[in-house]
Amino acid sequence: MKHYSLPICLFLILLLSIPTHGYAQVKIDTTVTFPKTRLNPGLGKRVFNKENLLVFGGLLGTSFLLDEWSNKRLKLNQNSFLDSYTNIFNEFGEKKYIAPATFATWIIGTAIKDERLSTTALNSGKALITAAILTEGTKIIAGRSRPSLNRGNMHFNAFGGTSNETKSFPSGHAFVSWAVFTPFAEEYSKWIYAIPASVSFARMYRNKHWFSDVVLGGGIGYFAGLYFHKRKNQSVIFDGNGIVIKF
């Protein structure tokens, strides 16, 4: 056994002499992540919590009281600057422009391997689709007349939203802009919220919607955008009777 002692000692000295300072930068990632096939069960409660719903409910209720007043004030305070401003931002709520732009952003993000950009654009698209279903259904059921018809802010006709003039509630432009731009605002800069806010203002200024229309439309879009943004790469799976829908 004595002839093995020298190599063993040399090995132990070599092992102990290896510098450890080079590994000081190594950090253990303890972040909890959810695989794409699993949905964070507590996420919905964080987005649609009591505080958020109370604030939104209070804002929506107040907006009904301010419908007529805000409509009159905007009619009395129109000028060339606001005309140009609202003409520009009105286009940011057009589905025919925003939907393709969102898809193009996802394509670009994927092509240049910018996962942050492609994921944000994808979440915007999911929010847009989800909010569109909710909004269009509500429009048909509510059958609310647009302010331009001069029927008052409380003119509703159940399931009468069969024409564009009776599909005021909620605002489609508002939901589109808030659904699409909320994930980008949350991911990159809160200043981006100025875009959907300007779209909502433009719809009121152009006498296309009541205040409560843009509040509800914006709320649907905002919550949809926030929900999908917080979900990141998670997927919702609906499985029933052999039919699986992954979204």
Side-chain angles (χ1 to χ4, degrees), residues 44 47-78 82-83 86-87 89-99 126-182 193 195-228:
V47 175
F48 304 103
N49 58 53
K50 184 181 296 183
E51 181 181 353
N52 286 346
L53 293 178
L54 283 175
V55 170
F56 176 65
L59 180 59
L60 181 59
T62 303
S63 67
F64 274 99
L65 300 177
L66 297 175
D67 276 338
E68 297 281 0
W69 177 85
S70 59
N71 183 259
K72 291 177 181 178
R73 296 301 300 175
L74 288 175
K75 287 180 179 178
L76 293 173
N77 291 278
Q78 298 195 355
L82 290 178
D83 289 344
T86 54
N87 285 338
F89 280 98
N90 183 71
E91 303 306 308
F92 283 85
E94 288 283 358
K95 292 189 288 290
K96 61 183 179 182
Y97 300 137
I98 298 302
K126 291 179 179 180
L128 179 61
I129 294 172
T130 303
I133 295 173
L134 294 173
T135 303
E136 291 302 318
T138 305
K139 281 177 173 288
I140 295 173
I141 295 172
R144 189 185 200 182
S145 297
R146 295 185 184 274
S148 57
L149 294 181
N150 297 315
R151 294 175 176 174
N153 71 315
M154 296 306 292
H155 189 273
F156 290 85
N157 181 19
F159 294 96
T162 55
S163 69
N164 184 56
E165 294 303 316
T166 56
K167 296 174 70 175
S168 183
F169 185 77
S171 168
H173 281 65
F175 101 75
V176 167
S177 58
W178 283 96
V180 169
F181 289 106
T182 290
Y193 278 125
I195 298 176
S198 296
V199 173
S200 298
F201 174 76
R203 299 306 287 169
M204 295 172 58
Y205 181 86
R206 293 160 65 93
N207 203 32
K208 297 295 184 180
H209 284 287
W210 301 102
F211 185 24
S212 52
D213 293 338
V214 300
V215 169
L216 181 59
I220 292 174
Y222 170 75
F223 281 115
L226 185 64
Y227 179 76
F228 283 101

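For reference, positions follow the sequence shown, starting with 1.
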Would you call the rings of [X] and [Y] parallel, tilted or perpendicular, taking 30° and 60° as the class edges?
{"X": "Trp178", "Y": "Tyr222", "value": "perpendicular"}
{"X": "Phe156", "Y": "Phe64", "value": "tilted"}
{"X": "Phe56", "Y": "Phe223", "value": "perpendicular"}

Answer yes or no: is there a donor N or O on one side and an acceptor on the other, between the side chain of [X] and the main chain of [Y], under 3.5 Å?
{"X": "Arg144", "Y": "Asn153", "value": "yes"}
{"X": "Trp210", "Y": "Ser145", "value": "yes"}
{"X": "Ser177", "Y": "Phe92", "value": "no"}
{"X": "Lys167", "Y": "Gly143", "value": "no"}

Minimum heavy-atom distance [X]-[Y], with the two atoms named:
{"X": "Ser148", "Y": "Glu165", "result": "OG-OE1, 3.6 Å"}
{"X": "Phe181", "Y": "Pro196", "result": "CB-CD, 4.0 Å"}
{"X": "Phe89", "Y": "Val199", "result": "O-CG2, 3.1 Å"}
{"X": "Thr135", "Y": "Pro170", "result": "CG2-CG, 3.5 Å"}
{"X": "Ala174", "Y": "Gly218", "result": "CB-N, 3.7 Å"}
{"X": "Gly93", "Y": "Ile98", "result": "N-CG1, 4.3 Å"}

Euclidean distance, [Y] [atom2] relative to [X] [atom1], rounded to 0.5 Å:
{"X": "Leu128", "Y": "Thr182", "atom1": "CG", "atom2": "OG1", "value": "11.5 Å"}
{"X": "Thr130", "Y": "Tyr227", "atom1": "OG1", "atom2": "OH", "value": "9.5 Å"}
{"X": "Thr86", "Y": "Met204", "atom1": "OG1", "atom2": "CE", "value": "12.0 Å"}
{"X": "Leu82", "Y": "Asn87", "atom1": "CG", "atom2": "CG", "value": "10.5 Å"}
{"X": "Ser200", "Y": "His173", "atom1": "OG", "atom2": "NE2", "value": "11.0 Å"}
{"X": "Leu216", "Y": "Leu134", "atom1": "CG", "atom2": "CG", "value": "9.5 Å"}

(Q) Between Arg203 and Asp213, does any NZ, NE, NH1 or NH2 come within less than 4.0 Å of an OD or OE carboxylate oxygen? (A)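 No salt bridge links Asp213 with Arg203.
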Q. Looking only at side chains, do Arg146 and His209 share a donor and an acceptor under 3.5 Å apart?
A.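 Yes, side-chain donor-acceptor contact under 3.5 Å.
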Q.
If you count every heavy atom of other residues, nucleotides or ligands that lies below 6.0 Å from Lys75 atom NZ, does the total exceed 12?
A.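 Yes, enclosed.
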(Q) Applying the side chain to side chain contact (heavy atoms under 4.5 Å, CB included) criterion to Tyr205, which one of Asn77, Asn71, Asp83 satisfies it? (A)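 With Tyr205 as partner, side chain to side chain contact (heavy atoms under 4.5 Å, CB included) holds for just one option, Asp83.
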